[in-house]
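Numbers for residues simply follow the sequence, beginning at 1.
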Amino acid sequence: MNIGLFGGTFDPVHRGHMALARAALEQYKLHRIHFVPANVPPHKQRQPHSLFVHRFAMLALATADKKALVPSLLEAPEEGVVPIKRDRVERPNYTIDTIRRLKQSLKAADKLFLLLGMDAFADIAKWHQAEALFRECEFVVASRPGYSLADVANALPESLRPRPEVTRPFQKLAATGDLVLKGATIHLLADLHQPASATAIRQVAAAGKPLRRFVDASVAEYIRKMGLYR
Ligand code: ATP
């Protein structure tokens with residue numbers, strides 16, 4: 001089976017995330033996608049605004065009526081979902097560890113795809129054990145307004161970066177297709193034009209404006225009820 005792993009802060013989960021998941025599901029015939037909210041995202045400048053438990057609850061709501069989309073506890077806090085002391089320093093959730101943990105529950109014949117947007121992929125070379133990530137799974141990199149898929153090859157860790165003649169076909173703005181290299185397979189998902197971003201949504205929520213355009217109705221209601229991002 002083809003399995004997707006979609007990590008993020010999901011603070012909150014929004015239409016951009018859902019569009020990426022839907023497109024990947026269809027295009028790569030995925031049987032399911034694990035949405036993995038990070039307790040401590042290693043790649044973010046600032047830590048999440050909402051507790052893990054809220055971000056997980058919003059994911060559970062957003063995926064509730066979609067059989068193939070599964071909210072995951074793979075990166076849940078070790079001490080339990082509600083921390084005793086909020087400012088306790090916890091270990092960052094490295095994707096390489098999460099992949100290996102998920103793989104323990106998969107069959108040898110299953111194929112794992114790591115899903116992410118181009119903004120996140122732009123920093124992939126800085127991720128913990130970046131080269132090992134490419135050995136463990138195939139990548140699906142989605143377009144995102146403001147970022148160009150033409151930059152995919154240049155973003156690779158240096159040891160995996162191919163010669164320019166290999167990547168030339170991908171060096172156009174609307175690059176699409178599969179980049180198959182020695183040690184890395186990257187599928188480009190170019191048709192995503194969803195402008196939603198969690199940062200912008202938190203600002204809209206803080207201003208007390210309606211959120212239904214950006215997030216699922218159940219998620220908008222949850223944000224309102226719990227007073228998140230105020
Ligand atoms: P923030 O604004 O807080 O940085 P975000 O909107 O980027 O958050 P994340 O939870 O950090 O959301 O994103 C998780 C993953 O989803 C990342 O790989 C990111 O690239 C991807 N992603 C988020 N929004 C979009 C979007 N609108 N289109 C395509 N990919 C997206």
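With contacts defined as side-chain heavy-atom distances shorter than 4.5 Å, the pair His17/Phe6 qualifies. The side-chain heavy atoms of Leu156 and Phe121, taken from C-beta on, include a pair separated by under 4.5 Å. Phe139 is listed as a side-chain neighbour of Ile124, based on a closest heavy-atom distance under 4.5 Å. In this structure the side chain of His128 never reaches within 4.5 angstrom of the side chain of Pro42, judged on heavy atoms. Put simply, the side chain of Met58 does not reach to within 4.5 Å of the side chain of Phe10, judged on heavy atoms. Using a 4.5 Å cut-off on side-chain heavy atoms (C-beta onward), Val13 and Val215 make no contact. Using a 4.5 Å heavy-atom cutoff, the side chains of Ile186 and Asp178 are not in contact. Proximity of Met18 to Lys66: side-chain heavy atoms (C-beta onward) are separated by under 4.5 Å at one or more points.
Here the closest heavy-atom approach between residue Ser50 and residue Arg55 is recorded as O-NE, 3.0 Å. Here the closest non-hydrogen pair linking Ala21 and Phe35 is CB-CZ, 3.6 Å. Minimum interatomic distance between Leu189 and Ala23 (heavy atoms only, all atoms of both residues): CD2-CB, 3.9 Å.
Between His34 and Arg32, the side chains place a donor N or O and an acceptor N or O closer than 3.5 Å (distance only, hydrogens not considered). Asp11 and Thr9 form no side-chain donor-acceptor contact under 3.5 Å, judged by distance and modelled atom types alone.
With respect to the salt-bridge test (charged N to carboxylate O, under 4.0 angstrom), the residues Arg224 and Glu221 qualify.
Side-chain heavy atoms closer than 4.5 Å link hydrophobic residues (I, L, V, M, F, W, Y) into clusters, and following such links, possibly through other members, connects Leu112 to Val141. Hydrophobic clustering, with ILVMFWY side chains joined whenever heavy atoms are under 4.5 angstrom apart, keeps Val219 apart from Val70. Val40 and Leu51 are assigned to two separate hydrophobic clusters, defined by single-linkage of ILVMFWY side chains at heavy-atom distances under 4.5 Å.
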I'd like to know whether Ile3 forms a side chain to side chain contact (heavy atoms under 4.5 Å, CB included) with Phe113, so could you lay out the CA-CA distance, the side-chain angles of the two residues, the decisive distance to 0.1 Å, and finally the verdict.
CA-CA 6 Å; Ile3 310 293; Phe113 294 76; over 6 Å; no
For a side chain to side chain contact (heavy atoms under 4.5 Å, CB included) check, start with the C-alpha distance between Met118 and Ser148, then their side-chain angles and the critical distance, and finish with the verdict.
CA-CA 7 Å; Met118 185 58 214; Ser148 169; 6.0 Å; no
Assess whether side chain to side chain contact (heavy atoms under 4.5 Å, CB included) is satisfied between Phe134 and Thr185, documenting all intermediate values.
CA-CA 7 Å; Phe134 289 90; Thr185 300; over 6 Å; no
Step-by-step side chain to side chain contact (heavy atoms under 4.5 Å, CB included) determination, Leu133 to Gln129
CA-CA 7 Å; Leu133 284 173; Gln129 295 191 31; 5.8 Å; no
For His31 and Asn2, what are the C-alpha separation, side-chain angles and deciding distance, and is it a side chain to side chain donor-acceptor pair (under 3.5 Å)?
CA-CA 6 Å; His31 289 81; Asn2 291 343; 5.5 Å; no
Starting from the C-alpha separation in whole Å, work towards a yes-or-no answer on salt bridge (charged side-chain N to carboxylate O under 4.0 Å, His left out) for Arg100 and Asp97.
CA-CA 5 Å; Arg100 289 178 175 152; Asp97 300 332; 5.2 Å; no
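Between the Arg135 side chain and the Gly183 main chain, no donor and acceptor come within less than 3.5 Å of each other.
Remark: of the listed residues Leu116, Leu115, Leu114, Leu114 is the sole one forming a side-chain contact (heavy atoms from CB on, under 4.5 Å) with Leu5.
Counting non-hydrogen atoms of other residues, nucleotides and ligands closer than 6.0 Å to CG of Asp110 gives a total above 12.
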